[in-house]
There are 2 protein chains.
Amino acid sequence: MKTTRNTTAKTAVLEVFEKSKTALSHTEIQKQLNDICDRVTIYRILDRLLNDDIIHKISNQDGTVKYAKCNHSHQKVHIHNHAHFSCENCNEITCLETVKPSYIMPHNYKVNEINFTLSGLCPKCLNSNI
Amino acid sequence: MKTTRNTTAKTAVLEVFEKSKTALSHTEIQKQLNDICDRVTIYRILDRLLNDDIIHKISNQDGTVKYAKCNHSHQKVHIHNHAHFSCENCNEITCLETVKPSYIMPHNYKVNEINFTLSGLCPKCLNSNI
DNA sequence: AAATTAACGCAACAATGTTGCTTTTGTTTT
DNA sequence: AAAACAAAAGCAACATTGTTGCGTTAATTT
Ligand SMILES: [Mn+2]
Ligand SMILES: [Mn+2]
Ligand SMILES: [Zn+2]
Ligand SMILES: [Zn+2]
């Protein structure tokens with residue numbers, strides 16, 4: 001059985017996530033790490049963290065991919081049913097943990113996951129744009 | 001004022017969309033066109049069709065980008081508020097024109113657009129997997 | 001038919017992500 | 001504490017996707 005190790009790079013990446021209030025792209029993580037490791041290493045760390053349900057991936061409408069820490073209290077079954085907000089002005093993506101959409105599906109579909117992203121102006125940008 | 005022209009390549013791309021029941025990626029379009037034009041040309045045609053609200057763009061959770069024809073009856077204000085379904089088995093993406101999520105947002109956000117993608121098994125794959 | 005310019009083809013480039021292979025390092029075992 | 005083991009890192013090379021500049025082609029107007 002394959003065990004996971006706590007390397008310095010992985011710890012550093014986790015610290016970056018811990019400090020950030022918003023979701024982060026691979027490039028943003030790399031910049032914050034000040035090149036303490038190779039970019040491939042960051043990709044592999046992200047893969048592991050995704051696999052261990054420590055972070056989740058958010059694909060934005062514009063094609064950018066970001067990652068954010070999961071803040072669930074380690075349930076057995078891990079479901080990401082919350083929405084995300086993408087600000088058109090500052091391009092920050094935040095988890096909206098409280099926003100869970102309700103919807104009616106046609107028959108004969110099996111839904112395993114949902115991805116609900118809203119875009120517009122975040123509170124910060126809305127206030128500064130009065 | 002810049003006018004748009006009906007070129008053979010653009011007409012061919014539109015025909016591909018017309019024939020397809022599912023959303024198409026740039027690569028899928030290129031294959032169906034049998035290289036009648038350069039790949040850059042397809043990108044530029046897609047840009048124009050997006051701009052003219054003839055197609056809309058769907059970014060999937062896995063990072064793939066697809067496009068589908070808009071089937072609205074040319075309203076003045078164009079809103080894409082329908083959901084999309086992404087099949088984990090056949091990787092097809094379809095518009096769910098009838099599925100429109102309801103949700104409650106926190107204050108101080110201005111929502112301009114929503115992007116709601118569900119993934120799982122489509123009716124076709126669900127039936128063949130019994 | 002000639003003029004105009006949107007659109008095309010091609011080459012070059014950029015961003016993002018993946019893979020193979022050797023070396024390093026975290027963890028377990030002796 | 002040293003040796004053994006294997007996960008993870010580093011590095012180079014490659015793949016995919018999308019963009020840009022520029023000379024040429026072709027759709028549309030005059
Ligand atoms: Mn989570
Ligand atoms: Mn539409
Ligand atoms: Zn903002
Ligand atoms: Zn399917």
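Values below: all heavy atoms of this structure, side chains included; hydrogens, waters and symmetry mates excluded. Protein chains get the first letters and strands the later ones, always in sequence-line order, with residue 1 at the start of each.
Side chains of A/Y67 and A/L50 form a contact here, defined as non-hydrogen atoms less than 4.5 Å apart. Contact of the B/L33 side chain with the B/I42 side chain is registered, since non-hydrogen atoms from C-beta on lie closer than 4.5 Å. With a 4.5 Å cut-off on side-chain heavy atoms, A/N60 and A/K66 do not count as touching. By the 4.5 Å heavy-atom criterion applied to side chains, B/S119 and B/F85 are not counted as neighbours. The side-chain heavy atoms of A/S86 and A/N91, taken from C-beta on, include no pair separated by under 4.5 Å. Two residues are said to be in side-chain contact when any heavy atoms from C-beta on lie closer than 4.5 Å; B/I29 and B/L46 meet this criterion. Residues B/S102 and A/Y103 fail the side-chain proximity criterion, which asks for heavy atoms closer than 4.5 Å.
Rounded to whole angstrom, the span from the CG atom of A/D62 across to the P atom of D/dT19 amounts to 11 Å. Between the P atom of C/dA7 and the CD1 atom of B/I45 lies a distance of 10 Å, rounded to the nearest Å. Per the geometry, OH belonging to A/Y43 stands 17 Å off P belonging to D/dC11, to the nearest Å. In this structure, CZ of B/R48 is placed 17 Å from P of C/dT5, rounded to the nearest angstrom. Atom CD1 in B/I42 sits about 15 Å away from atom C1' in C/dC10, given to the nearest Å. With rounding to whole Å, A/D47 atom CG is found 10 Å from C/dT18 atom C1'. Computed from coordinates, the A/L49 CG to D/dA8 C1' distance equals 13 Å when rounded to whole Å.
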Start with the C-alpha distance between A/H84 and A/L118, add both sets of side-chain angles, then the distance that settles side chain to side chain contact (heavy atoms under 4.5 Å, CB included), and finish with yes or no.
-> CA-CA 6 Å; A/H84 293 106; A/L118 304 106; over 6 Å; no
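Along DNA chain D, the nucleotide nearest B/R44 and the nucleotide nearest B/H26 are compared for position; the residue whose nucleotide lies closer to the 5' end is B/H26. The residue among B/T3 and B/K57 whose nearest nucleotide of DNA chain D is located toward the 5' end is B/K57.
B/Q61 places a side-chain N or O within 3.5 Å of a backbone atom of A/K57 that can act as its donor or acceptor partner. A donor-acceptor pair is defined here as one N or O able to donate and one able to accept, closer than 3.5 Å; such a pair exists between the side chain of B/D38 and the backbone of B/V40. For A/S128 (side chain) and A/C125 (main-chain N/O), a donor-acceptor pair under 3.5 Å exists by modelled atom type.
Rounded to 10 degrees, the angle separating the terminal axes of the helix from C/dA1-D/dT30 to C/dT30-D/dA1 is 30°, with each axis obtained from five end pairs.
Contacts between residues 28-40 of chain B and DNA chain D, counted as heavy-atom distances below 4.0 Å, involve B/R39, B/V40. Proximity of residues 5-23 of chain B to DNA chain D (heavy atom under 4.0 angstrom from any strand atom) is restricted to B/R5, B/N6.
Closest to the side chain of A/T41, out of D/dG10, C/dA6, C/dA7, is D/dG10.
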